[in-house]
Each structure stands twice: as C-alpha cells, then as structure tokens.
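Nothing here was measured: the structure is a model prediction, and the numbers come from that model. Naming: A, B, ... by sequence-line order, numbering from 1 per chain.
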2 protein chains.
Amino acid sequence: MSTIGKALSLLDTLSRLGKDVGLTDIARLCSLDKATARRFLVELEKHGFVEQDPDSRRYRIGSAPVRLARIREARYPFLRVAVPFIRTLAESSAETVHLSEFSGGRLSTIHVEDPQRAHRIIVDVGSILPFHATASGLAFLAFCPSTEIDAALRKPLEKFTDHTVVDPQLVRGLLDETAARGFSISHQGLEAGVISAAAPVRAPDGRPIGCVAVAAPLSRTTKTAIYEFGAQAIAAADGISEKYYGSERLTGTSPKTRRRD
Amino acid sequence: MSTIGKALSLLDTLSRLGKDVGLTDIARLCSLDKATARRFLVELEKHGFVEQDPDSRRYRIGSAPVRLARIREARYPFLRVAVPFIRTLAESSAETVHLSEFSGGRLSTIHVEDPQRAHRIIVDVGSILPFHATASGLAFLAFCPSTEIDAALRKPLEKFTDHTVVDPQLVRGLLDETAARGFSISHQGLEAGVISAAAPVRAPDGRPIGCVAVAAPLSRTTKTAIYEFGAQAIAAADGISEKYYGSERLTGTSPKTRRRD
DNA sequence: GCTTATGGTTCATTATTTGAACCGCAGCTT
DNA sequence: AAGCTGCGGTTCAAATAATGAACCATAAGC
C-alpha cells in the first residue's frame, strides 16, 4: 500500500476512536512502526489533519477536515439538501430515519432523525453500515454494477445476529428482490429486534451515492408497515437526488437506465 | 517534502479552486508530474478525500472530510460554541464580525456574521488571513511564542495596500502594542477603506487557536469606536475559549500566564 | 532504585516514489 | 479524411524517500 494510503488509514483509524490516543497505541492499531506512525502524525499535523494535545501528548483529528468539509458542503450541500427530507420522513413514519453516504469504499451514517417516542431505534452518526447486514447496505449494493457486488461478497461476511444472512448466494437473492422492489428490507440483520427498509439516493448516471433508511422495532412493525416505509424511503431518496443534482447535471446525456450492468 | 505532505498540499490546492479541475491542471498547479498527481488523486479517491466526476473526469474534494469534520465537531464543537458569541457581537457592534481558526500553519475564516445594514464589509468563509496584514493575523501572532513570530516574519511580507506594514521591525512594533492592549488593529492592512480589531481565542495553555475580528468601513469608524470593538472582541474571544475548553480541560495544571516566551 | 511503561529520535537498509516518454482518444483545423 | 493538439492515463529504470530495530529521556509503579 502506498504511503498516502497508509497515512489516510491512520487518519481513519484515529477518527474511529472515541478519544484522543497515544503514539504507541495508534502505531499498534495501524500495524505501523512507532517511528513511521510518528512521521505520519507529524506530517498530518503540519496540515491540520491531526492535532496533538500539548498536555497529554495524545493525538486527535484536527481542524483541517472541517475547512475542507465546509468547502465541499458549500458546493455540494448534500446534507443541507437531504436533511429536510429525512426529517419529514421521520415525522410521517414516526420511526428513526437515517441517511448514509458512500465514502472511501464504505457506507457511513451521516444524519439521523429520531421520532418523538420513548421506544425507538438508536443509530449513531458516523457508524459504518455493513453491506450484507443492513437495509442501507443492501439497497446500495443492489443498484451497483455487478463487479462491485462481486467484490463486496468476496470478503468474509460477518454474522451479527442469528438472522444475519452470510451466504453470498442468499445475499444475491436479497439484492435481486431489492432491485425489483426498489427498496431493501433488513430483518434483524445487524441487531436483533430491529427491522428496516432502505432506498438508494442515486446520481444521474444511476450510481448510488448513499441511502435513506427507516429503522423500527420489529415488535410493532407489520409487513404492510415496512412496505409503506420502503415506499416512503424511495420517495425521499428520489426527492433528495432530484434536488441535489438538480438543474446543473441534467445537461449531460447520462442515461437513467443503468441498474446492474 | 514527504509524499504525505505533497498529497495533502494537492488536496489543499484542490480545495482552493472554485470548480472541478482536470489532471493536467492540478499537476501544474501543484508543480507535480502528471503521473505523480494521478497516483495521489487515485489514492485520495480510494479514501474519499477527492472524487472524480464520471462524465468530465475532473476532480473535486470528496466527502471523507465531511465525515471527519462531523466527528471532530461532535467532540470539539468549536463553531457551535463560537457562533452565538459572534452573532451577539455582530448585533451589538452593527458591523461585520468574523471568526478565524488556525489550521495547517494558516489562519482561515470559518464563520462570518453580517449586520443588517447596506454598507458593510464583506468577508468570505474559507479566506486565508495573512499574519502581517490583518487584525486577526496580528492578534494571533502577538500571543504566539517568539519562535513562531520569527518564522512568520522571515517570509517575504506582501504589500496589499499602500498602508500594509511590510517591515518586520514595524510589524513587531504592532505585535507589541497588540500584546499590551489585548487586541490588534489593522488600519487598511489588507483592503483600503477597512479598519478592523481582533482578539485571539486562546487554549488554556495560552496558545491562540483562532481570532474574533470586527471589520468596519474606515469612513464611519472613530478611534473610540475601534477601541470599543477591540474590547468587545476580547470579551467574545474569552467567552468562546471558556465555553469551548470549559470544565474538562481545567483539570490540567497548564499555566494561564504564557504570552510570548 | 529498579522495572516498565511512555513519547520521541537515529541512520543504514530497503522499498517506494518519481517522471520522461509513451499510448489512445476526442475535438479541432486544414 | 488526414493531421494536429491537448486531454487523461500508463510504463519502467533511476532516484529518492520510507522504514524499523535499536536507541534515548522521562515518568509512573512497585
């Protein structure tokens, strides 16, 4: 792997830790030599991507990503566009609705709206959604080119609950259903007692960029209800896509047709 | 320079461009070979830091920084803490107030509040503030260790207006005044017709992390008024610092005394 | 005062980065 | 249509930068 890749992985690892971390720890977590890790950290710090606490000498994510994110969001305000849709859906469904975005080969949660109820599903912003075990993951994969499906299913599939589908062939079955239906259903795939439905937000060329998902306690959710959530997720996802890519991108001649080529 | 540094500089360059940019252009702008630039871009794209438009094949900032920024801001919500102070100050002063943050060796604008008036100063979010020619830069440097002042003044100082102070010795004089007064004044240092006052937001160890600045049209601003703005900027900056570093950091034994060691 | 952590540094060895020249393609000119 | 030009992208020997075992200094624990 390239040096840049290693350094960015370090940054990624650092971002997943809930607290500041010392040199030795981060070197171990990234399987890097202490000297190497240090050189990376110094270099990243020079550019503001990490910062070192002057007292504890531990490292944390710096403020440079905040600047980049502002620029990115100013020009491509995905969240600004998407959040109103998510909020509306959370109100109408009265269940937790979350939005994910594909970035760096993974699907991660970027926004969550909780309904005003005591009993609801908790989803954390920043959490990573496994492709085979979540409604969002399935919805995303189902609309990807088959090469990417193959790549995702080649890796070992973790079994999170008794209900997690880990057989690649069975997952392909779920993907086919999802593609036909337009939304995915995850029946306790990641956590027991939780059912969810998700639909992909797609770029004009058909490629998914993220997902809208509704997550509800299994105990109070009928089959009719989850199909309704799925339909609403599709509406929200399409609404986001239309508003996000809006007028500018429609000038291109990119076909709307591609689904699984 | 290390490979990581070059790649992060490329990212930085990309972020300063107002639009998507092609391979050849970015290689030229970063003084890199085309092949090198491409390898960097591919590597950065793998991790979501840049993305390539599938149609135009041009590159832009990706969504990974957005994820990192969310994590950073969730744990250190500098903007969330600071914005109310900036807003209050903008209202009470009836002038443009902006907040800057030190990151990657530079001071960049991260928030701006405009007053409700027709005639006011415009400051862009994301703009870089030169140390010697802006109130924010002077306020920042004045409270830095002298080694960093030396480093900043060793570089050639650009003359932005007829009033820009570019003699290192004279700049040092301004810094001394600033340190004594607690806030800086920039008299048309960056733009003609603009006067501003700024105060540093400081970490518990005394090190500045950014600045609060009030910018007003010179024509309507008396000496009394600019001193009042300075005092208010100090109050806002201290308020932000106290709220930002609040309870957690006060456990340490870091001295409040350091100013220019 | 010894042991064992930590963060940080050194420098000969090693693996990666580098870039001139290259390809194929699309748009433009003649 | 032939030829030119600029684009994104690729190749491989040469040059350079990354690497990591061993090291130091310091602090905490026993």
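B/Phe40 has its CZ atom 17 Å from the P atom of D/dG8, to the nearest Å. Atom CG of A/Leu41 is separated from atom P of C/dT9 by 12 Å (rounded to the nearest Å). Rounding to whole angstrom units, CG of residue A/Leu32 and P of C/dT16 are separated by 13 Å. Between B/Leu23 atom CG and C/dA26 atom P there is a gap of 17 Å when expressed in whole angstrom units. Separating the CG atom of A/Asp53 from the P atom of C/dG7 is a distance of 13 Å, rounded to the nearest angstrom. Atoms NZ (B/Lys6) and P (C/dT16) sit 16 Å apart, rounded to a whole Å. For the pair B/Glu43 CD and C/dT16 P, the computed distance is 12 Å after rounding to whole Å. Atom P of nucleotide D/dG9 and atom CD of B/Glu45 are separated by 9 Å, given to the nearest angstrom.
For A/Arg60 and B/Tyr76, the positive end sits near the middle of the six-membered ring, less than 6.0 Å away and at most 45° from its axis.
Nearest to the side-chain atoms of A/Ala35 among the listed nucleotides C/dA20, C/dT10, C/dG7 stands C/dT10. Here the side chain of B/Arg39 is nearest to one of D/dG9, C/dG8, C/dT18, namely C/dT18.
A salt bridge links B/Lys46 and B/Glu43; the closest N-O separation between the charged side-chain nitrogens and carboxylate oxygens is under 4.0 Å. A salt bridge is absent between A/Arg154 and A/Asp150: the closest approach of a Lys/Arg side-chain nitrogen to an acidic carboxylate oxygen does not fall below 4.0 angstrom.
Taking only side-chain nitrogens and oxygens, A/Thr3 never comes nearer than 4.0 Å to OP1 or OP2 of D/dA17. Side-chain nitrogen and oxygen atoms of A/Tyr59 include at least one within less than 4.0 Å of the OP1 or OP2 phosphate oxygen of C/dG8. Taking only side-chain nitrogens and oxygens, A/Arg38 comes nearer than 4.0 Å to OP1 or OP2 of C/dT9. For the OP1/OP2 pair of C/dT17 and a distance below 4.0 Å, the side-chain nitrogens and oxygens of B/Thr36 include no atom meeting the criterion.
Side-chain N/O atoms of B/Lys34 and base N/O atoms of C/dG19 include no donor-acceptor pair closer than 3.5 Å.
Annotation: the span from B/Lys6 atom NZ to A/Thr3 atom OG1 amounts to 10.0 Å, rounded to 0.5 Å.
The two residues A/Ser184 and A/Leu138 come nearest to each other via the heavy atoms CB-CB, 3.8 Å.
Looking at heavy-atom distances under 4.0 Å, A/Gln52 makes contact with sugar-phosphate atoms alone, never a base.
Along DNA chain C, the nucleotide closest to A/Asp25 and the one closest to A/Ile4 are compared, and the more 5′ of them pairs with A/Asp25.
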